[in-house]
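Mind looking over this structure? Questions follow.
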Amino acid sequence: TLLATLQTNNPAVVGLDIYRQPIHPPGRTFLETQLAEENVVVIMNVGNNPETGEVPPPTTVPWERVGFNDLSIDPDGTLRRALLFVNAKSKPYYSFSLRVAIAYLETLPETLPINPALAPNATTANKGSGVFQVDGHTLRIGRHAIPRLQNYSGGYQSIDNRGYQTLMRFRNRHDPAELVSVSQVLSGQVSADRIRDKVVLIGSVAPSLKDEFYTPYSAAQKNQFTLSGVLAHAHIVSQLLDQAEHGYAIYRFLPQWAEVAWLLGWVTAASWLVWKTKSLESLILLTVVSVLSLGAIASLSLAFLIWLPSFEPLLGMFLAGGLVVGQKAIYQSTHDVLTDLPSREIFLISIQQALKTSSQHPVIVAFLDVDRFQIINKSLGHSAGDRVLLHLAERLQKKIGRARSNCPSRWR
C-alpha cells in the first residue's frame, strides 16, 4: 500500500531497503505488482555468498533493479567507506545506492552522458545506460569519475579494498534528507510536491532492528550515536549525485611518492628548526606551532576533500626532533658553544690517539694565547670579545687547513 501511494505522486526512484524475499500471503500479488514498476530498486545481501547471496532479492524483480546493501566497516567499527560495485565472474554486482543513483540520472530531462574520450577503454557495465561506465581502476557516473580507493589511500594502510570503494562524504552530521513516517504518507500528510521527481528511500530507522552503524561523527553526538542503514545509503546516493553533476564530492589522496615527499618535508623542517633552536622555551614554542600548523593544514585540506596524512608527519617530527635533541646534546658536550671548535675532552682524546699511533715521530702541542684579551671584554663588552674569538677561530681554521694541505704527511 505504501508503494502504491508513493507511485500516485510520481517519484523519480523508489528504493526499498527492506528484505522481502519469502512469500507472505495475503497481498503477495499486490506487492509483486508494485515491485514490477520500473522505478523501484530492491536490495539483496551478498555477505559471504557471492553466487546467490545470503539474503536473495525478490524473485520477480529483474537484476537491473537489484542492488546489494552490504557496507564496508573499518576495523574500528566505524562506517567510512562505500562499496559501490563488484565485477564478479558470474555477473556485475551493483550497490543499492549506485542502482538508485543511476536510475535517477536516467530520468533527468538533460542526461549526463559520459564523455567517451575520458574512458576509451571502458565498457558499459549496465547495458542500455549511458550514465555509468567502469574500467579497471575507475567508475564514471555522469560526467565525472570516481577513482577506486586504494589500500594505502589517505590514512589507510593495507585495508581490504576489493571491489570499487570510495570514501564517504557525509552530507551532514545528522539526517541527509527529510524523514517522514509510513503513517504520514498513508494518511496524506505528505504533499505530492515533496515526493514528485524525488528519490524516495524506504527503510527502518528503529534501533531494535540492529541496522545501525557508527560514523566519524558518533563520538561528538549527544543523543543519536549511530546511523541507520537506510540513512547511510541516503548519504551515499546524495554523494553520487553530487559527483555526477558537479564532480567535487569525492575525496582525493596523494600518490605514494607525494606522501613520502610530504612526510620527508615535515621531518626535514622539524630537524633543521630543532637544530637551530637555542633555548628550551623556543623549543617548546616551536613544537606547539608545528603541531598546530600541521593540524590546521590537514583540516583545511580535508574541508576541500583532500586527505593529507597527519599522524605519520606528526610521529616523524617527534622522532626526528628527539634524535636531533640527543645529537645536539652530544655535540654541545664535545664542542665549544661559541666557536664550535672541539672541546677540551675531544682535544685530550686526540692527543692520546696521536701518542698511540705516532711512536716514530714526536707529538707537538702548540698553545696560543691572546694578549690583553680582558681589556677587550672590560672596555667593549663581552659581545665584542665573543666576536673577536669567533674571528680568531675562523682564521685559525683557515690557516690550519691550508698548512695541513702543504706540509709533509708525517706532520699532519
Side-chain angles (χ1 to χ4, degrees), residues 15-19 43-48 53-55 67-86 93 95-101 146 148-179 181 199 201-243 249-253 295 298-299 301-303 305-312 314:
L16 184 61
D17 187 30
I18 296 177
Y19 297 127
I43 62 169
M44 66 174 296
N45 184 266
V46 177
N48 295 321
E54 290 192 357
V55 181
F68 61 82
N69 69 338
D70 303 62
L71 295 171
S72 297
I73 308 300
D74 282 353
D76 63 349
T78 303
L79 176 64
R80 298 186 181 92
R81 294 172 287 149
L83 177 60
L84 301 177
F85 180 82
V86 177
Y93 284 77
S95 73
F96 174 64
S97 305
L98 182 60
R99 285 289 196 196
V100 170
I146 304 176
R148 190 174 185 175
L149 190 70
Q150 303 298 322
N151 61 354
Y152 54 81
S153 297
Y156 287 111
Q157 294 295 326
S158 303
I159 62 166
D160 182 3
N161 69 324
R162 290 176 295 179
Y164 289 76
Q165 302 181 35
T166 187
L167 194 67
M168 290 180 60
R169 181 186 70 95
F170 291 86
R171 192 176 185 89
N172 51 44
R173 293 175 179 265
H174 304 286
D175 301 331
E178 181 183 8
L179 299 183
S181 65
V199 172
L201 299 185
I202 303 173
S204 174
V205 296
S208 59
L209 293 183
K210 307 299 182 181
D211 188 26
E212 300 281 318
F213 303 92
Y214 289 101
T215 71
Y217 300 109
S218 294
Q221 301 289 69
K222 295 182 178 180
N223 298 318
Q224 187 177 352
F225 299 101
T226 56
L227 185 73
S228 63
V230 65
L231 293 180
H233 291 297
H235 279 289
I236 301 172
V237 170
S238 176
Q239 180 181 7
L240 292 176
L241 294 181
D242 283 345
Q243 179 67 10
I250 298 298
Y251 284 92
R252 291 167 288 172
F253 311 96
S299 300
S301 65
L302 201 61
L305 301 183
I306 302 175
W307 188 348
L308 295 177
S310 56
F311 178 75
E312 293 88 345
L314 182 63

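Below, each value reflects all heavy atoms present in this structure, side chains not excepted, and no hydrogens, waters or symmetry copies.
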Task: CA sep, side-chain torsions, deciding dist, call: Val86, Val46, side chain to side chain contact (heavy atoms under 4.5 Å, CB included) - done: CA-CA 11 Å; Val86 177; Val46 177; over 6 Å; no
TODO: Answer yes or no: is there a donor N or O on one side and an acceptor on the other, between the side chain of Ser310 and the main chain of Gly295, under 3.5 Å?
DONE: no
Open item on the list: With a 4.5 Å cut-off on side-chain heavy atoms, are Leu201 and Asp17 touching?
Closed with: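 No; the side chains remain at least 4.5 Å from each other.
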Task: Rounded distance (nearest 0.5 Å) linking atom CZ of Phe96 with atom CD1 of Ile43 - done: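 Rounded to the nearest 0.5 Å, the CZ-CD1 separation comes to 6.5 Å.
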TODO: For Ser218 and Phe225, work out which heavy atoms get closest and say how close.
DONE: OG-O, 2.5 Å
Task: Any donor-acceptor pair under 3.5 Å from Arg169 side chain to Leu240 backbone - done: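 Not at all, since once roles are kept as given, no pair shorter than 3.5 Å links the two residues.
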Open item on the list: Rounded to the nearest 0.5 Å, what separates atom CZ in Arg80 from atom CG in Leu167?
Closed with: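 Between atom CZ of Arg80 and atom CG of Leu167 there are 8.5 Å.
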- [ ] Kindly indicate whether the side chain of Pro216, heavy atoms from C-beta on, has any atom under 4.5 Å from the side chain of Thr78.
- [x] yes
Open item on the list: To the nearest 0.5 Å, what is the distance between OG1 on Thr215 and CE on Met168?
Closed with: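 It is 8.5 Å, given to the nearest 0.5 Å.
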Open item on the list: Using modelled atom types and a 3.5 Å cut-off, is there a donor and acceptor pairing between side-chain atoms of Asn45 and backbone atoms of Val55?
Closed with: no
- [ ] Check the surroundings of atom OH in Tyr214: do more than 12 heavy atoms from other residues, nucleotides or ligands lie under 6.0 Å from it?
- [x] no
Output side-chain donor-acceptor pairs under 3.5 Å for residues 228-237, partner residues at least two apart or in another chain, one line each.
from	atom 1	to	atom 2	distance (Å)
His233	ND1	Ser97	OG	3.1
His235	ND1	Arg171	N	3.0
His235	NE2	His174	O	3.4

Task: Gln239 side chain reached by Ile250 side chain, heavy atoms, under 4.5 Å - done: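 The answer is yes; the side chains approach within 4.5 Å.
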Open item on the list: Out of the candidates Tyr152, Tyr156, Tyr251, only one should pair with Trp307 under the ring pair (Phe, Tyr, Trp, His ring centres under 6.0 Å) rule; please name it.
Closed with: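 Option passing the ring pair (Phe, Tyr, Trp, His ring centres under 6.0 Å) with Trp307: Tyr156.
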Open item on the list: So which atom in Leu308 and which in Ala298 form the shortest heavy-atom distance, rounded to 0.1 Å?
Closed with: O-CB, 4.3 Å
TODO: Please round to the nearest 0.5 Å and tell me the distance separating atom OG1 of Thr166 and atom CG of Leu98.
DONE: 11.5 Å
Open item on the list: In terms of relative ring orientation, are Tyr164 and Phe85 parallel, tilted or perpendicular, with 30° and 60° separating the classes?
Closed with: perpendicular
- [ ] Kindly give the heavy-atom pair with the smallest separation between Ser153 and Leu149, and that separation in Å.
- [x]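 Closest heavy-atom pair between Ser153 and Leu149: CB-CD1, 3.6 Å.
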TODO: Mind listing the closest non-hydrogen atom pair of Leu79 and Ser72 along with its distance?
DONE: CD1-O, 3.5 Å
Task: Spacing of CG belonging to Asn151 relative to CD belonging to Gln157, to within rounding of 0.5 Å - done: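 Here the interatomic distance stands at 8.0 Å.
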Open item on the list: Please find the pair of heavy atoms, one from Glu212 and one from Val205, that lie closest to each other, and give the distance.
Closed with: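 Result for this residue pair: OE2-O, 3.8 Å.
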Task: Ala249 versus Asp242, closest heavy-atom pair with distance - done: CB-CB, 3.7 Å
